[in-house]
Each structure stands twice: as structure tokens, then as C-alpha cells.
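Scroll down for the structure; my scribbles are underneath it.
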Number of protein chains: 2
Amino acid sequence: MLLEDVLKELRKAGIRLTPQRQEVLQALFDGLQGECQPQSAEEILQVVRKRYPGVSPDTVYRTLGTFKKLGLVREVNFRDGCRRFELVLQGGHHHHLVCLRCGRSRELPFCPADCLVRVQEYCPDFEIEDHAFTVFGYCPKCREESRDVFRETVEV
Amino acid sequence: MLLEDVLKELRKAGIRLTPQRQEVLQALFDGLQGECQPQSAEEILQVVRKRYPGVSPDTVYRTLGTFKKLGLVREVNFRDGCRRFELVLQGGHHHHLVCLRCGRSRELPFCPADCLVRVQEYCPDFEIEDHAFTVFGYCPKCREESRDVFRETVEV
DNA sequence: TCCTAGATAGGAATTATTCCTAGTTCCGTT
DNA sequence: AACGGAACTAGGAATAATTCCTATCTAGGA
């Protein structure tokens, strides 16, 4: 799904498409490309301000809230106490592999579906709406770097 | 594992056990009993202040940070923008079922272990350290209540 | 008991997020 | 194409969350 399609859907849903909102969408969309980097409100604000310098934080937060209610945006958290947001495209449900050192994340193409089934059996009266699966650890690059540091330490 | 054992281990690890830290531990420990409610820093502060009214927020945050580094405390997030902390007891690894309405959580006795294996295969050079699996939805109680609201609306 | 590295209180500073209000604008209707 | 109004925005102020600073205190080893 392209950004333009998202815009069309929003308009269909009766959501006013201001330039600010379009920029927020664009920022979220760009964050999804390549390495899949959910962004903080601050990061999104900086991107939006490149084109519209006067945009206020409030606008970004409000827009993110609006999109979140529409199910277009999801909030994720990588245990560093920083809220991040990412676009949810059709069928774009996915999970994250997060490096505890550099904070970068990568999309995981797996879903603990069988686990969900077991959860539903365990709590039949609970209405499951969504789920998150996040794997934490150290990416190859950061492992390499910490190895270097170790070597230096030893060799001195 | 009892709280006392945790204290012993901490002492062994060379961690100074001040009364404040013990109270933070106690609060975290109590949060684990019963319904499994990870607590916010503010909630923990309130509990600690019942016995030591002068304790500062800084102390709670510092203590949580220390415990987190030791692997004794884990930060969890239920997508409401609120950081929560919970004790990690030996073998106490578990996941959460979270109600999006009342915010209450319940411990899940399932672990997406096979998914982890697949992740490791998918990224052999990534060093997996930990993982989180959280299921969001609506608990029976909240579903009942929203049904009531619906009825009222209809019957008027 | 003494000593001191490490911990604390309390207030100030910083950061993140939301509120408020007057003015602006998207977009359906004409 | 212009109009009208509900919805949106900027900007500053308010609030909440978190961390910093420093003088003082203390847990626990010697």
C-alpha cells in the first residue's frame, strides 16, 4: 500500500487532510522503509519541521493520537522509556527485533500465532484485540564493536 | 523465591541494602502477588512513602535503574505511555495479558519459544538476550460493563 | 567503633506531553 | 468559485515525568 492510498482512505473516512498531517504520515511512512524504525514524537516533529518549520509539538501528538484511534498508527516500546510510533499498513502487522545497545530495530516476519490460540483457550472470555512480540538483544554490528573494545582493553 | 532470598543475593552481589531500597523491593514484590500488576515509578513511590515519607522520586528512579541493570527488575509497557516496572524472580519469566480499558494485567503462562528459535535461525548473528510477548484486548469485566452501557443507550 | 564509597533528600533543571485560546483552513454545499 | 462552519493549528502556558546537583548521611567491611 502506498502513501497515496492511505490518504485516500483517510479522506473517505472523513478525516481532514491538512499539510501537517500529511507530513506526519510521510515521516511515519519513511520510518517504515528500509530498516523499520519506529519514531519518537520528537523525531517526527523534526522531520515535519523541515517542510513546515512552525509546526507545534501539540500538532504532532494530536495527529498521532488521531491516527492511533483510527488504527493507522501503533505505539511501540523498546524498554528504553521512549514512546515510538509506527504506521500500520494493511496486513502490515509485524514484530520487532531490537538491539539493546544501538536501539535500532528490524522487522520480524514471524508471529506467535499458536501462542495466541493458547491464550484464547486459557482466557475464553477475554476479547483479544492485538498482540506484541519483541525480541531484545545485540545486533551483529554492536557485538563486533564490543568485541573491539574488549580487545583494546586487553591489549593495553 | 522469597523476598528475603533476594535480599541475600543482593548483599552477596555487593549491593548496599538501604531501607529505601528494601521498601522498593517490597513494593515490587507485592505487585507480583495476586494479579501481577507491574507498577509505575509513581505508584512505587507512594508505597515506599507509607513507611518513609521523605523518600524522593529520584531515589525510586535510581533504585529501579540499579535493579534493572542487575536484571532484577524489568520495564514493561502496555501502550498507554506509562512505564511500569516488575520484579524478575528466578525462573519468573512470564508474559502479560492486558486490558486496554481498565489497564489491569494478568500473567500468561505461555512463552512463544518456537518463535524465538525461528528468530535465531532468521538472524544467526543476533545475540538474543530477552523477549516480550504481550496480548492486548478487553477483559471479561470491562466487556460486561461496555455491554451495560450499550444496553442503557438502547433502552433510553 | 571507625571509615568511606556509595546512597540519600530536596530542590532545581530538564524533558515530555497536554491544555488553552484566538485565529486559520479544509472541504462539503451552494 | 465563493461561502460557512466544524475541525484544525500555532504558540505559549501548564502539567507531569524524569534526571541532575550537592551537601549530608549511612551501610557494612576493616
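The analysis underlying the following values was restricted to heavy atoms, covering all of them including side chains, and did not include hydrogens, waters or symmetry mates. Just so we're on the same page: letters track the sequence lines, and every chain starts at 1.
Side-chain contact check for E42(A) and Q46(A): at least one donor-acceptor pair (N or O, by modelled atom type) lies under 3.5 Å.
Of the two residues contacting DNA chain D, namely T59(A) and P57(B), the nearest-nucleotide position lying further toward the 5' end is that of T59(A). Residues G81(B) and R21(B) both approach DNA chain C. Their nearest nucleotides, taken by heavy-atom distance, put R21(B) toward the 5′ side.
For H93(A) and H131(A), the ring centers sit closer than 6.0 Å to each other.
At whole-Å resolution of the value, CG in D80(A) and P in dA16(C) are 12 Å apart. The distance from atom OH of Y52(A) to atom C1' of dC8(D) is 14 Å, rounded to the nearest whole Å. Atom P of nucleotide dT9(D) and atom CD of E23(A) are separated by 13 Å, given to the nearest angstrom. For the pair L25(B) CG and dA7(C) C1', the computed distance is 15 Å after rounding to whole Å. In this structure, R84(A) places its CZ atom 14 Å from C1' of dA16(C), rounding to the nearest Å. Distance CD (Q22(B)) to P (dA7(C)): 14 Å, rounded to an integer number of Å. In this entry the distance linking NZ of K12(A) with P of dC27(C) reads 15 Å, nearest Å. When the P atom of dT17(C) is taken as reference, atom CZ of R83(B) falls 11 Å away, rounded to whole Å.
Residue-to-nucleotide contacts include a donor-acceptor pair under 3.5 Å from the side chain of D58(B) to the base of dC21(D).
Taking only side-chain nitrogens and oxygens, Y61(B) never comes nearer than 4.0 Å to OP1 or OP2 of dT19(D). Proximity of S56(A) to the phosphate of dG11(D): no side-chain N or O atom is located under 4.0 Å from OP1 or OP2. Applying the 4.0 Å criterion to OP1 and OP2 of dT9(D), one finds that R62(A) has a side-chain N or O inside that range.
Electrostatic pairing of R79(B) and E75(A) does not count as a salt bridge here, judged by no charged N lying under 4.0 Å from a carboxylate O. Comment: E23(A) does not engage R49(A) in a salt bridge, judged by the lack of any side-chain N to carboxylate O separation of less than 4.0 angstrom.
Hydrophobic clustering of Ile, Leu, Val, Met, Phe, Trp and Tyr side chains at less than 4.5 Å, counting indirect connections, keeps L100(A) apart from V76(B).
Counting heavy atoms from C-beta on, the side chains of H96(B) and V135(B) never come closer than 4.5 Å. Counting heavy atoms from C-beta outward, E129(A) and Y138(B) have side chains that approach closer than 4.5 Å.
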Report summary line: Scoring nucleotides 25-30 of chain D by protein non-hydrogen atoms under 4.0 Å (B base, S sugar-phosphate only, - none) yields -BBS--
